[in-house]
Visitor: 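Just dropping this structure here.
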Amino acid sequence: MVEGLRFPTGIGTSEADEIRVLGQDLAADLMGKVGFGELAFWLVAGRRPTRGQCRVFETVLVALADHGFTPTAIAARVTYASAPEALQGALAAGLLGGGSRFLGVTEDCGRFLADVLAGVDALPADDAGWDALATTAVTEARAARRFVPGLGHPVHKVRDPRTPVLIGIAEEEGLRGPHLRLFEAVGRVHPAILGRALPLNGAGVCGAALADLGLPVGMLRGFALLARAAGLLGHLAEEQRTGLGLEIYRTVDRNAVYTPAEEGGHRG
């Protein structure tokens with residue numbers, strides 16, 4: 001250690017014969033005793049989660065791990081097809097696509113709900129009160145021409161199968177808190193305001209559940225990316241066996257048609 005230099009951290013340090021993470025001896029206190037989900041929660045929140053919190057948190061990770069041939073999965077596969085010597089590049093390519101349309105909704109929804117709740121002096125006592133609060137929030141969003149995050153899904157047009165399961169598990173663990181209750185109320189009131197019924201999507205309910213666990217809203221997208229990393233690794237393992245990324249590329253290349261700018265093609 002250089003005299004006078006200090007870089008404080010509460011995450012981890014290592015010495016010649018010891019590694020410490022969160023103040024614990026990694027080898028003696030954590031390995032084989034703490035699950036990866038529990039450790040991820042602990043690292044971000046700075047507190048060890050309860051058993052119920054672990055269950056809800058890991059349910060979120062499972063819910064967000066994969067959703068088929070999304071742009072993130074395709075990006076990872078095609079990148080791997082181009083550079084099979086760089087698995088890390090393919091994984092990174094998939095994660096970089098986590099934004100406002102895929103995965104980022106988790107954070108966007110959690111932030112939307114948290115902002116609404118920050119503006120109330122006392123939480124509603126019943127569903128009618130939650131509905132009134134949600135009605136105001138959705139109405140204001142519509143007036144400002146903003147999307148209400150967590151509503152709608154490109155595949156699940158009527159019901160996202162993940163949403164009721166996560167709400168049910170949170171209820172079982174006594175962790176169905178104000179963010180989830182407000183999110184459910186948004187689901188009840190929005191058809192009358194928006195003029196159409198949209199499903200409460202899985203990414204949105206995950207954001208509400210994570211916020212109810214007391215996790216920092218600004219980190220919620222990170223948890224979505226953590227979960228999707230597992231799904232992308234699965235896609236890349238399959239890609240090693242099947243080489244589908246090259247077929248995706250060839251299909252697009254074979255069907256690419258030059259269109260002059262005035263007909264809707266490239267405009268420089």
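Positions are given from 1, in the same order as the sequence printed here.
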Visitor: Is there a donor-acceptor contact under 3.5 Å from the side chain of His235 to the main chain of Ala76?
Guide: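 Not a single qualifying donor-acceptor pair exists.
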
Visitor: Hey, is the main chain of Ala28 close enough, under 3.5 Å, to the side chain of Lys33 for a donor-acceptor pair?
Guide: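 Yes; judged by distance alone, with no hydrogens or angles, the pair exists.
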
Visitor: Counting heavy atoms not belonging to Arg196, are there more than 12 under 6.0 Å from its CZ?
Guide: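 Open.
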
Visitor: With rounding to the nearest 0.5 Å, note down the distance linking CG in Leu244 to CD in Glu238.
Guide: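 Here the interatomic distance stands at 7.5 Å.
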
Visitor: Linking I/L/V/M/F/W/Y whenever any side-chain heavy atoms sit under 4.5 Å apart, do Met219 and Leu95 land together?
Guide: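 Hydrophobic grouping puts Met219 apart from Leu95.
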
Visitor: Between the main-chain N or O of Arg176 and the side-chain N or O of Arg181, is there a donor-acceptor pair closer than 3.5 Å?
Guide: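 Yes; at least one donor-acceptor contact below 3.5 Å.
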
Visitor: Pick out which of Phe223, Trp42, Phe36 makes a ring-ring contact (aromatic ring centres under 6.0 Å, His included) with Phe57.
Guide: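 It is Phe223, the one option of Phe223, Trp42, Phe36 that forms the ring-ring contact (aromatic ring centres under 6.0 Å, His included) with Phe57.
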
Visitor: CG/Leu200 to CD1/Ile167 distance, rounded to the nearest 0.5 angstrom?
Guide: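 So the CG of Leu200 and the CD1 of Ile167 are separated by 6.5 Å.
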
Visitor: If hydrophobic clusters are built from ILVMFWY residues whose side chains come within less than 4.5 Å, do Val189 and Leu117 share one?
Guide: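 Yes, it is one cluster - the side chains of Val189 and Leu117 are joined through contacts under 4.5 Å.
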
Visitor: For residues Glu184 and Asp127, determine if any side-chain heavy atom of one lies less than 4.5 Å from a side-chain heavy atom of the other.
Guide: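 SC-SC contact between Glu184 and Asp127 ruled out.
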
Visitor: For Thr79 and Ala90, which heavy atoms make the closest approach, and how far apart are they?
Guide: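 Looking at all heavy atoms of both residues, the shortest contact is CG2-CA, 3.8 Å.
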
Visitor: If we only count heavy atoms from C-beta on, is the Arg162 to His153 side-chain gap below 4.5 Å?
Guide: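 They are in side-chain contact.
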
Visitor: Does the side chain of Leu213 come within less than 4.5 Å of Phe41's, by heavy atoms?
Guide: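 Phe41 reaches Leu213 side chain to side chain.
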
Visitor: Decide yes or no for Leu123 and Trp130: does some side-chain heavy atom of the first lie under 4.5 Å from some side-chain heavy atom of the second?
Guide: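 With C-beta onward as the side chain, the pair touches.
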
Visitor: Under the 3.5 angstrom rule, does the side chain of Thr136 hit a backbone N or O of Ala132 as a donor-acceptor pair?
Guide: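 Checking the backbone N and O of Ala132 against the side chain of Thr136, a donor-acceptor pair under 3.5 Å is found.
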
Visitor: Please step through side-chain contact (heavy atoms from CB on, under 4.5 Å) for the pair Leu43 and Val21, ending with a clear verdict.
Guide: CA-CA 9 Å; Leu43 281 165; Val21 176; 4.1 Å; yes

Visitor: If we ignore hydrogens and angles and just use 3.5 Å, is the side chain of Asp29 paired with the main-chain N or O of Gln24 as donor and acceptor?
Guide: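 No, the answer is negative, given that no donor and acceptor are paired below the 3.5 Å cut-off.
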
Visitor: Does any non-hydrogen side-chain atom of Arg221 lie less than 4.5 Å from one of Asp108?
Guide: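 Yes. Closest side-chain heavy atoms under 4.5 Å.
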
Visitor: Are Val78 and Tyr80 joined in one hydrophobic group, where the rule is that I, L, V, M, F, W and Y side chains link up if heavy atoms are under 4.5 Å apart?
Guide: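 No: no chain of side-chain contacts under 4.5 Å links Val78 to Tyr80.
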
Visitor: Identify the residue among Leu113, Val205, Val116, Leu210 that makes a side chain to side chain contact (heavy atoms under 4.5 Å, CB included) with His179.
Guide: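 Going through the options one by one, the only one that passes is Leu113.
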
Visitor: Between Glu239 and Gly245 (side chain of the first, backbone of the second, donor and acceptor by atom type, cut-off under 3.5 Å), is there such a pair?
Guide: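 At least one qualifying donor-acceptor pair exists.
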
Visitor: Group every Ile, Leu, Val, Met, Phe, Trp and Tyr by side-chain heavy-atom contacts under 4.5 Å, then state whether Leu39 and Ile11 land in the same group.
Guide: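 Leu39 clusters together with Ile11.
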
Visitor: Spell out, as yes or no, whether a donor-acceptor pair under 3.5 Å connects the side chain of Thr106 to the backbone of Cys206.
Guide: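 Here the side-chain-to-backbone pair does not exist.
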
Visitor: Going from CZ on Arg77 to OG on Ser82, what distance comes out if it is rounded to the nearest 0.5 angstrom?
Guide: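 Rounded to the nearest 0.5 Å, the CZ-OG separation comes out at 15.5 Å.
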
Visitor: Side chains of Leu151 and Asn201: does their closest heavy-atom pair fall under 4.5 Å?
Guide: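 A side-chain contact under 4.5 Å is absent here.
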
Visitor: Checking side-chain contact (heavy atoms from CB on, under 4.5 Å) for the pair Thr72/His67: CA distance, chi angles, key distance, verdict?
Guide: CA-CA 10 Å; Thr72 59; His67 210 283; over 6 Å; no

Visitor: Where is the tightest heavy-atom contact between Ala208 and Leu180, given as atom of each residue plus distance?
Guide: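 Minimum heavy-atom separation between Ala208 and Leu180: CB-CD2, 3.7 Å.
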
Visitor: Testing the basics here: between Leu225 and Gly98, what is the closest heavy-atom pair and its distance to 0.1 Å?
Guide: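 Result for this residue pair: CD2-CA, 4.3 Å.
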
Visitor: For the atom pair CG (Asp253) and CD1 (Ile248), what is the distance rounded to the nearest 0.5 Å?
Guide: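 Spacing of CG (Asp253) from CD1 (Ile248) equals 13.5 Å.
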
Visitor: Check the surroundings of atom CG in Leu30: do more than 12 heavy atoms from other residues, nucleotides or ligands lie under 6.0 Å from it?
Guide: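 Counting other residues, nucleotides and ligands, CG of Leu30 exceeds 12 neighbours.
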
Visitor: To the closest 0.5 Å, what do you measure between CG (Leu87) and CG (Leu233)?
Guide: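 Rounded to the nearest 0.5 Å, the CG-CG separation comes to 6.5 Å.
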
Visitor: Run the numbers on Arg146 and Glu140 for salt bridge (Lys or Arg N to Asp or Glu O under 4.0 Å), then give the verdict.
Guide: CA-CA 9 Å; Arg146 298 193 309 267; Glu140 290 178 352; 5.8 Å; no

Visitor: With a 4.0 Å cut-off, would you call Arg254 and Glu247 a salt bridge?
Guide: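 Salt bridge between Arg254 and Glu247, a charged N being under 4.0 Å from a carboxylate O: yes.
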
Visitor: Does the side chain of Leu175 come within less than 4.5 Å of Asp212's, by heavy atoms?
Guide: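 Asp212 does not reach Leu175 side chain to side chain.
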
Visitor: Shortest non-hydrogen contact from Gly110 to Val217?
Guide: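 Shortest heavy-atom contact: C-CG1, 4.1 Å.
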
Visitor: Does any part of the side chain of Gln53, heavy atoms only, come nearer than 4.5 Å to the side chain of Thr50, both counted from C-beta?
Guide: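 Yes, at least one pair of side-chain atoms sits under 4.5 Å.
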
Visitor: Would you confirm whether Arg20, through its side chain, and Thr13, through its main-chain N or O, come within 3.5 Å as a donor-acceptor pair?
Guide: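 No.
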
Visitor: Give a yes or no answer on whether the side chain of Asn255 reaches the backbone of Thr251 with a donor-acceptor pair at less than 3.5 Å.
Guide: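 Such a contact is found between Asn255 side chain and Thr251 backbone.
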
Visitor: How far apart are the closest heavy atoms of Phe183 and Cys109, and which atoms are they?
Guide: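 Of all heavy-atom pairs spanning Phe183 and Cys109, the closest is CE1-SG, 3.5 Å.
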
Visitor: Within this structure, what is the OG1-CG distance for the pair Thr59 and Leu166, rounded to the nearest 0.5 Å?
Guide: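 The OG1 atom of Thr59 sits 6.5 Å away from the CG atom of Leu166.
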
Visitor: State, to 0.1 Å, how close Glu58 and Gly37 come at their nearest heavy-atom pair, and which atoms those are.
Guide: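 Closest heavy-atom pair between Glu58 and Gly37: OE2-CA, 3.5 Å.
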
Visitor: Please say yes or no: joined through hydrophobic side-chain contacts below 4.5 Å, possibly via intermediate residues, are Leu232 and Val105 part of one cluster?
Guide: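 The answer is no; the residues belong to distinct hydrophobic clusters.
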
Visitor: Tell me whether Asp160 contacts the main-chain N or O of Gly202 through its side chain, where contact means a donor paired with an acceptor under 3.5 Å.
Guide: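 Yes, the answer is positive, given that a donor and an acceptor are paired below the 3.5 Å cut-off.
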
